[in-house]
Amino acid sequence: MAFYLTSSLLVFLFLILSSIASIADNSEFILSTGNRMNAGTDSTIDLSTGDLTGSQLSVSDPISWGGLMGSNHSYFQKGGLDLFSAHAACGVAPLCHLNLTSNGAGSSNLGWYCEYVQVTSTGPHMSCTTYEFSVNRWLSANTWPYQLSAAIDACSETTFASAAY
């Protein structure tokens, strides 16, 4: 009986410690909207990142997920930098894939011009690693390339923008 109780206690402690470790992981995103005419949007922007192992972090509506700019801030506007941060599991492999998607809805300015996305990941006992993805394109149904999503895939390349801090 004592063996089963001890085993159950060890399993319980392992599960608690595992969940604490994953809670301590953090991901931060900076999205840069261009200065072009009508570059800002009121649409919802979703994003996902991936690494060489196929692990992904998908964020639907990053404002609700972890918008840090304050309740009165208007996200994704011309010339703006928007910061998002939340607890999210960090992968072990370098990030090399980014996907951005606009829902194309909103009251005005439905297209969005994204210059870049910067992703910083950190967790317990690991260094802070930053990756920058140059996007430089419209997510718009009425502006070239007439697509509401953009994918940056550097997973097949031998180098991509990353820096460890």
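In this text the structure is predicted, and so the values were computed from the model without any measurement.
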Check against side chain to side chain contact (heavy atoms under 4.5 Å, CB included), T49 and Y131: CA-CA 10 Å; T49 60; Y131 304 92; over 6 Å; no
- request: Show the numbers, then the answer: is there a side chain to side chain contact (heavy atoms under 4.5 Å, CB included) between V119 and L47?
  value: CA-CA 11 Å; V119 183; L47 62 93; over 6 Å; no
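Note on L95 and I45: same hydrophobic cluster, where clusters join Ile, Leu, Val, Met, Phe, Trp and Tyr whose side-chain heavy atoms are under 4.5 Å apart, directly or indirectly.
Each of L148, L139, I152 was scored for a side-chain contact (heavy atoms from CB on, under 4.5 Å) with L100, with one residue passing: L139. Checked options W112, Y75, Y113, Y116; the residue passing with T33 is W112 (criterion: side-chain hydrogen bond (donor to acceptor under 3.5 Å, both in side chains)).
Here E132 contributes atom CD and I30 contributes atom CD1; the two are 9.0 Å apart, rounded to the nearest 0.5 Å. Taking CZ of F133 as the start and SG of C96 as the end, the distance is 7.0 Å to the nearest 0.5 Å. Note that CD of E28 and CZ of F84 are 11.0 Å apart. Values are rounded to the nearest 0.5 Å. The line from CG of L98 to SG of C114 is 7.5 Å long, rounded to the nearest 0.5 Å. If you take CG on L57 and NE2 on H97, they are separated by 12.0 Å, rounding to the nearest 0.5 Å. Expressed to the nearest 0.5 Å, how far CG of N103 lies from OG of S43 amounts to 5.0 Å.
Of all the heavy atoms in N99 and A151, the pair that sits closest is OD1-CB, 3.7 Å. The heavy-atom pair separating Y146 from A141 by the smallest distance is CD2-O, 3.5 Å. Between L83 and M69 the shortest heavy-atom distance is N-SD, 3.5 Å. Across all their heavy atoms, S58 and S48 have their closest contact at OG-CB, 3.6 Å. The shortest heavy-atom contact between E115 and N35 is OE2-N, 4.2 Å.
Judged by distance alone, the side chain of Q77 and the main-chain N or O of T41 form a donor-acceptor pair under 3.5 Å. Looking only at distances, no side-chain donor or acceptor of D46 sits under 3.5 Å from a matching main-chain atom of T101.
No side-chain N or O of S134 forms a donor-acceptor pair with one of N136 less than 3.5 Å apart.
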